[in-house]
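Data block below; observations after.
Residue numbering restarts at 1 for every chain, and letters A, B, ... go by the order of the sequence lines.
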Amino acid sequence: MLDIAHALRVEKTMLTDLQKKIIAAIQGDLPVTQRPYLEIAEKLGVDEETVLAELKTLCDQGIIRRFGATLRHQKSGFTSNAMIAWRVDEARIDAAGKEAARFKQVSHCYRRNPAPDWPYNLYTMVHAGDEAACRKIAEQISKKTGVIDYAILFSRKELKKTSMRYFQDAD
Amino acid sequence: MTKLDRIDKTILNRIQSNFPISPRPYQDIAFELHLDEDDVIERVGRLKENGIIRRIGGNFVPGKLGFVSTLCAGHVPEDIIDHFTSVVNTYPGVTHNYLRDNHYNIWFTFIAPSEEIIDHYLTEISKKTGVTAILNLPATKVYKIRAHFDL
């Protein structure tokens, strides 16, 4: 079985109990108040300064990938979302992945192993105003990367969208 | 679609990443954008109420926390889509799930403490639903993860 952490060259970080508690506290929704971190600190029974310092460390260590607001993109005008799966020659995959990633309409771009009845190995998530715009972006990516074998999978329904809850017990 | 004015858009573009980690984050945002702290708080509160902002918080690299993540896809017959979805969605590690127009029509992300646990859950899902065609496609390389939308 493929070790993903290894494949992605991500080293597991040793976390303190306080870090786990802080992670559990900020994986939900920060209160929209003047002093949101003070509220968290009070709940955890530590100083606000400690919370701020630990949060900065989590960001510096790359444990927090992004800290901020997550939008419902459908509501903010990006109504169409498509996953485009590409079948790319492995010798060209890094070049193709990087080229596809450069498109601003591409939010995510990954390499994944193909499966016996699923030949695709590069995946891009594309967001645009409508399906025609998504198709056009796919054509542009195809032109840029030279990859002509691809499948566009439009999302027809959002069945679940939530954030992972880590270290719930640390609360 | 809710109408966003220029100030709403400016705020949304500012707070999607690098949200200030400081005693008064909204005051810092207000200062940068030449706005008033109370006004920023009021607008952000409103943008959350009307659903434009899903949440404000941290987004993590699963691997750094000792977790693994993968993308799965099931080939699910039309008449059992609801059942399959309700089974899959009960797992807390399933964070995103979409119906897509393909032979593999149900696509979900799965985060768990190990590959073995994910395999175990997928087997369990197959047993509960009768759906045996489930792809497990962990990422082996990341070229881009962005969740910032320029408004």
Side-chain angles (χ1 to χ4, degrees), chain A residues 1-2 4-5 7-8 10 12-13 23 26-30 32 34-37 48 52 55-56 62-73 75-78 83 97-98 100-101 106-113 115 118 151 153-166, chain B residues 1-2 4 12 15-19 21-26 37 41 44-45 48 51-68 71 85 89 92-102 104 107 111 115 135 137-147 149 151:
Chain A
M1 210 15 97
L2 181 76
I4 301 167
L8 293 176
V10 170
K12 181 182 173 182
T13 317
I23 288 168
I26 57 144
Q27 66 190 342
D29 202 357
L30 283 184
V32 185
Q34 280 193 353
R35 308 284 295 269
Y37 303 110
E48 185 187 29
L52 295 172
L55 275 178
K56 282 178 191 159
I63 294 169
I64 297 177
R65 176 169 60 73
R66 182 176 64 85
F67 191 65
T70 299
L71 309 189
R72 285 194 179 81
H73 39 81
K75 285 215 169 193
S76 39
F78 297 87
M83 186 180 79
K98 285 172 191 168
V106 170
S107 64
H108 299 71
C109 184
Y110 299 97
R111 185 200 170 275
R112 303 179 189 279
N113 287 331
W118 189 256
L153 289 80
F154 286 104
S155 101
R156 292 295 170 218
K157 200 175 176 190
E158 185 180 286
L159 304 170
K160 186 175 185 183
K161 189 159 191 181
T162 179
S163 299
M164 182 59 184
R165 312 299 290 194
Y166 298 98
Chain B
M1 193 182 132
T2 322
L4 299 173
L12 288 170
I15 65 171
Q16 291 179 62
S17 49
N18 300 315
F19 187 88
I21 298 171
S22 62
R24 288 179 67 176
Y26 292 102
E37 182 186 23
I41 289 176
V44 171
K48 270 174 74 167
I52 303 274
I53 297 176
R54 190 156 64 87
R55 58 181 279 267
I56 300 173
N59 294 277
F60 305 89
V61 177
K64 293 223 175 193
L65 301 178
F67 286 72
V68 297
L71 175 69
T85 301
N89 286 0
V94 172
T95 56
H96 296 60
N97 191 356
Y98 289 95
L99 176 69
R100 297 190 181 279
D101 52 355
N102 191 271
Y104 284 100
W107 289 77
I111 301 176
E115 265 288 294
L135 300 174
L137 308 165
T140 57
K141 264 185 193 164
V142 178
Y143 298 107
K144 186 178 195 177
I145 301 180
R146 187 212 59 188
F149 292 91
L151 300 172

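With a 4.5 Å cut-off on non-hydrogen atoms, B/Leu135 touches chain A through its side chain but not through its backbone. Interface remark: B/Pro92 contributes backbone atoms only to the contact with chain A (heavy atom separation under 4.5 Å). Of the atoms belonging to A/Glu48, it is side-chain heavy atoms, and not backbone ones, that fall under 4.5 Å from chain B. Both the backbone and the side chain of A/Phe154 come within less than 4.5 Å of a heavy atom in chain B. Proximity to chain A is limited to the side chain of B/Tyr26, based on heavy atoms less than 4.5 angstrom apart.
For chain A, the option among B/Thr85, B/Asn89, B/Asn18 with the highest count of heavy-atom pairs below 4.5 Å is B/Asn89. For the set A/Ser163, A/Gly28, A/Cys109, the entry with the most heavy-atom pairs within less than 4.5 Å of chain B is A/Cys109. By number of non-hydrogen pairs under 4.5 angstrom with chain B, the leading residue of A/Ala115, A/Gly62, A/Ala151 is A/Gly62.
A distance of 6.0 Å separates CG of B/Asp101 from CG of A/Leu153, quoted to the nearest 0.5 Å. Expressed to the nearest 0.5 Å, how far CG of B/Leu4 lies from CG of B/Leu12 amounts to 6.0 Å.
A donor-acceptor contact shorter than 3.5 Å links the side chain of A/Arg66 to the backbone of B/Gln16. Between the side chain of B/Lys144 and the backbone N or O of A/Ala101 there is at least one donor-acceptor pair closer than 3.5 Å.
Summarising the local packing, NZ of A/Lys56 is surrounded by more than 12 heavy atoms from other residues, nucleotides or ligands at distances under 6.0 Å.
Taking every heavy atom of both residues into account, B/Ile56 and A/Asp29 meet most closely at N-OD1, 2.9 Å.
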